[in-house]
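Here's the structure we're looking at; comments come further down.
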Amino acid sequence: MRGRLRVRSSAQISFSNYQRIDGELNLPKLAGERAFLDIYAVHHNYPGVQYYGPGPDSEKTGRTVYRLEDTAADLTAGWKYRNRMRVGASAGGLWMNAGPGTHRNFASADKTYSPVQAPGIDVQANFFRFGTFAQLDYRDNPLGPKAGGNYVVQYSRFEDTSLGRHDFNRLEVELQQHVPFYNKSRRVALRAKTVLTEASNGNEVPFYLRPILGGSDDLRGFRPFRFNDRNAFFMNGEYRWEIFAGLDGAVFADAGKVFAKRSQLNFHNLESAVGFGLRFNARNQTSIRIDAGFSHEGFQIFFKFNDIFTQRPFGTSSSQPIF
Amino acid sequence: MKTRIALFALLAASAAARKFYDDDPLIAEPKPLSIDKAASRKLSDYFDVFSHLLATPGELAAKKGKPIPAQAVNTLGEPMEGAWWVQRHYYKPMSLEELRKGPTRGLPPSAEGAWTVIGAKNEGITPGFVILDANKRRYFIKFDPLSNPEMATGADQISIKLFHALGYHVPDNYLAYFTEDRLVLGQDVEIADNLGNKRKMTRRDVSEILMKVPRGKDGRYRATASLAIAGKGIGPYRYYGQRTDDPNDTTPHEHRRDLRGLHVFCAWTAHDDSRAINTYDSLTEENGVKFVKHFLLDLGSTLGSASSKPNSPRSGGEYLFGWKLAAKNLLTLGLDVPAWARAKYSKLPAVGLFEGERFDPERWVAEYPNPAFLNRLPDDEFWAAKQVMAFSDAEIRAIVETAAFSDARATEDIATAMIQRRDRIGKAYFAKVLPLDGFSVASGELRFENLGARYKLGPEAGYSVKWHQFDNDTERLTPHPAQEFRVPVQNGYWMAEIGHPSRPKQTVRVFGRGDRVVGLERTW
C-alpha cells in the first residue's frame with residue numbers, strides 16, 4: 001500500500017521470561033495525509049515488575065516484585081496540520097491482572113504491601129478508557145532532533161468497568177525544547193514532564209497505573225520503577241556534542257519527584273541525578289544510547305535503542321506507565 | 001653476440017640517464033594501448049569508507065620522511081592530456097559561452113515525445129529514474145530533496161562545469177524540466193523495495209517517486225538529466241593503486257598530480273564526497289583505440305549540498321571519523337569549538353551549507369582520508385591553485401548562473417562564496433612555492449608570468465636568477481656568471497634557478513635547450 005497502510009506485529013520474550021505480543025494497524029495518510037488512524041493491541045506478561053511502595057519516601061530496600069499481566073486494545077484517530085500540529089481522540093479497553101511476582105531475591109509485592117499501600121494489588125479491574133490529545137511539534141527531525149520544540153498535552157479517562165473502584169482522570173503535559181548552537185554541533189536538550197491523576201470520589205488510582213519515576217527515561221541515577229505515586233513531575237537537561245559523525249556525547253542532569261497531591265507540583269524536594277552518556281547515530285536518529293546515571297542511591301548504566309526524549313504514540317495506549 | 005648485447009645495454013643505460021628527451025615536454029600521454037576487456041568491478045560504499053577511515057590504503061609519504069614527488073606529469077610538472085585529464089581553462093582560456101556550456105554537447109533529453117522509464121531508484125540517497133528519450137538516448141534523472149528545491153540540481157550544474165573547465169572528464173548533465181505525463185513506463189521494468197527485493201514497477205511507483213521530490217508552481221519537475229557516458233562502465237576508480245587489467249594505468253593513483261591536486265578543487269567546491277564511489281571508469285573507444293577513461297560523477301553533492309539534504313556543517317572540517325579528533329572531542333566535552341562550527345550560512349533552501357568566510361583550504365578535508373589528497377605537496381597544490389585563480393569573478397558568476405536558481409540571491413550567495421574561497425586558495429598555496437609559471441624564451445630572454453603579482457599574492461618584483469650550463473647526460477651543472485634574465489647559453493642545455501630574497505627556500509629551476517623551455521622543478 002506504499003505507506004498508506006501499515007500492519008505490524010511482534011512477539012518478544014526475554015531471558016527472564018518477560019513476554020510481550022503486540023499488533024498494530026496504521027492508516028497514516030487519510031484525507032490527503034491530513035488525518036490518521038491507528039489501532040493498537042498489546043499483551044504483556046511481566047513476571048517481576050519492581051515495586052518499592054508508594055510515595056517519594058519509599059525505601060530502596062523496600063523492593064518487591066509483582067506480575068503485570070494485561071491486554072489492551074485502543075483506537076486512535078487524529079488530524080494533523082503540516083506535520084506540526086496534531087489533535088485527536090482515542091478510546092480502548094484494558095484488561096488487567098496484577099499477581100504475585102516471581103524473583104528469587106525479592107518478595108512478592110502482595111506479601112509486603114497492603115491494598116492501602118498498593119491499591120488494586122488484591123483485586124484487579126478492567127477499564128474502558130478514552131481521551132484526547134494535542135501536539136505542537138516543530139523539531140527539525142523528530143527521530144533525532146537538534147533544534148525546535150515539542151509540546152504535548154494528553155488527557156485520559158479510565159472507567160473501572162468491573163469493580164467500580166478505580167475510576168480516574170489522567171493528565172500528561174510534556175514540554176521539550178532543543179537549543180542548538182555552533183551549527184547544531186552542540187545543543188542543549190530540555191524536557192519537563194508531569195503526569196497528574198485524580199480519582200473520582202471514593203475511588204483510588206491502582207498502583208500499576210500510577211505514574212512512576214526512575215530508570216533510563218527520566219531519573220537515570222535510580223533503578224527502574226523506583227518511585228510510584230498518584231502524580232509525577234520530572235525534568236531532564238542534556239548537553240550534547242558531536243564526537244564524530246556517528247557519535248554524540250552527553251552530560252545530563254535529571255530531577256523529579258512523585259507526589260500524592262496536585263498541590264505538591266513544585267520544585268521542592270526533588271530527587272536528582274547526574275551522568276554522562278554516548279549516543280550512536282545512524283540515519284539521523286539515535287540508534288544506541290548508553291547512559292551512566294549517578295544519584296544518592298548509587299549509579300545505573302543503561303543500554304537503550306532510543307533517544308531519551310522519544311515520543312510515545314498518542315492516545316490512551318500510551319497512558320500506561322509500563323509498556 | 002655478447003658485444004652486441006653489451007653495446008645495447010650501454011646505449012640503453014646512456015639513454016636512460018638522459019634527463020630530457022627531444023620531444024619533451026610532452027603535452028599529451030602517448031597513444032594508449034588498446035584493450036579489449038576490463039573487468040567490471042563493484043565497490044562497497046561501506047568498505048570504501050571504513051577501509052579509508054581505519055587504515056588509509058595506498059603508498060603514503062612518511063610524515064617526516066622524504067616526500068614522494070607527483071608522477072604522471074611531463075617535464076614541466078604538468079599532467080599530460082589523456083584518459084584522466086586534459087588542459088582547459090588555465091591553459092587555453094575558455095570564453096564565457098564555453099564555460100557556461102561546460103561538458104554539454106547540446107544533447108538534452110528530447111523535448112518532443114515521451115520519456116520511457118526503464119529503471120528507477122526509490123531508495124538510497126535520492127530517488128531517480130533511468131529514461132530513454134524520444135531519440136533513444138539514455139539519461140539518469142536525479143532530483144532535489146523536498147526540503148531544498150534547486151539545491152542539488154543547481155550544485156551539479158555549477159560543479160560539472162567547473163570540473164570540466166579544470167580539465168576533468170565529467171558526464172554531460174543538463175537541467176531538465178518536465179511534467180509527469182511525459183514519463184511513460186517501459187515494459188518489464190523492475191524496482192527494488194525497501195528490502196532490496198525486486199518487483200515489477202507500476203505507474204504508481206512513478207507517481208510515488210515524484211511525490212518525494214519538489215514540484216514547481218507551474219507543475220513541472222526540475223531534475224538533472226545525465227546523459228549516459230559512452231562505452232562500457234567498469235566501476236569506479238580508487239584513489240590509490242592501479243587497475244591491474246589496464247596496461248595504460250601505470251602510475252599509482254595516489255601519486256598522480258591530477259588526483260593530488262584534485263584536493264584543492266574539491267576544497268574550492270566543498271566536494272567532500274570525493275570518494276571512490278563517486279568516480280567512474282568507462283571502457284571507451286576513441287580514434288579506433290579502446291581504453292579506460294576516468295570520470296568524476298555525482299557532483300550534486302557539492303557546494304554545501306548532500307544531495308538529499310544540506311551537507312553537515314562539519315563536512316570539510318573533519319573526517320567522518322578520526323581517532324585523535326574523536327578522543328579530543330570526547331575528553332573536552334566539545335568545549336574546543338572548531339572553526340567550521342562557527343561558520344554562517346545562507347538561509348536560502350537552494351543554497352546548501354556553503355560559505356567562504358571561514359573556509360581554510362589548508363584545513364579542508366574530504367569525508368575520509370583520501371590517499372592522493374594526503375600525498376599532495378606544495379607543487380601539486382600550486383598546480384591546482386593556479387587553475388582556480390584563473391577563474392575571474394565574472395566567469396564564476398557566469399557559471400553559477402547556469403544553475404538557473406529562481407531566487408537571484410542564491411546565485412549571488414554561491415558566487416560570493418566561490419570567489420572568497422578562490423582567493424583563500426590562492427593566498428594559501430601561492431605562498432608555499434614561488435608563484436611563477438608560463439615560462440618561455442622570447443627574444444633571447446627567459447620570461448615567465450608572475451602569478452603572485454597578477455593576483456597580488458606574492459612578490460611583484462625582485463626575482464633573481466642564477467644560470468648554469470646543464471649536461472643532459474650526466475645532469476652536471478656548471479655555474480655561469482650571468483645574472484640577467486637573458487639566456488646566456490646559446491647551445492645545449494641550461495638551467496636557470498630563480499629565487500626571491502623574501503622566500504629563501506623557494507626556487508624555480510627552469511631547464512632549457514636553446515630557446516625552448518623543457519623542464520621545471522620547484523623547491524620549497
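Convention: sequence-line order gives letters A, B, ...; per-chain numbering from 1.
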Sorted by chain and residue number, the side-chain hydrogen bond (donor to acceptor under 3.5 Å, both in side chains) partners of A:Glu271 (sequence neighbours excluded) come out as A:His296

A:Phe276, A:Phe181, A:Trp241, A:Phe244: which one forms the most heavy-atom pairs within less than 4.5 Å of chain B?
A:Trp241

Taking atom CZ of B:Arg363 as the centre, report whether more than 12 heavy atoms of other residues, nucleotides or ligands fall under 6.0 Å from it.
no

Main chain of B:Leu333, side chain of A:Tyr239: is a donor-acceptor contact present, judged purely on distance under 3.5 Å?
yes

Hey, which residues of residues 335-355 of chain B are touching chain A, say heavy atoms under 4.5 Å apart?
B:Leu335, B:Asp336, B:Val337, B:Pro338, B:Trp340, B:Ala341, B:Arg342, B:Ala343, B:Tyr345

In terms of heavy-atom pairs under 4.5 Å, which option from B:Glu318, B:Lys328, B:Arg314 contacts chain A the most?
B:Arg314

Check the surroundings of atom CZ in A:Arg82: do more than 12 heavy atoms from other residues, nucleotides or ligands lie under 6.0 Å from it?
no

Okay, B:Lys309 and chain A: the region with an atom under 4.5 Å from a heavy atom over there is side chain

If you take all heavy atoms of B:Pro313 and A:Asn183, which pair is closest and at what distance?
CG-O, 3.3 Å

Test side-chain hydrogen bond (donor to acceptor under 3.5 Å, both in side chains) applied to B:Arg275 - qualifying residues, sequence neighbours left out:
B:Asp45, B:Asp273, B:Glu367

Kindly check if the number of other-residue, nucleotide or ligand heavy atoms within 6.0 Å of CZ (B:Phe47) is above 12?
no

Can you measure from CG (B:Asn329) to CZ (A:Arg186) and round to the nearest 0.5 angstrom?
6.5 Å

So, for A:Leu278 and B:Leu330, which heavy atoms are closest and what is the spacing to 0.1 Å?
CD2-CD1, 4.1 Å

Just wondering, are more than 12 heavy atoms of other shown residues or ligands nearer than 6.0 Å to CD in A:Gln12?
yes

Heavy-atom count around B:Arg409 CZ within 6.0 Å, excluding the residue itself: above 12?
no

Toward chain B: residues of residues 284-294 of chain A with heavy atoms under 4.5 Å:
A:Asn284

Counting only heavy atoms from other residues, nucleotides and ligands, does the tally under 6.0 Å from CG of A:Asn269 exceed 12?
no

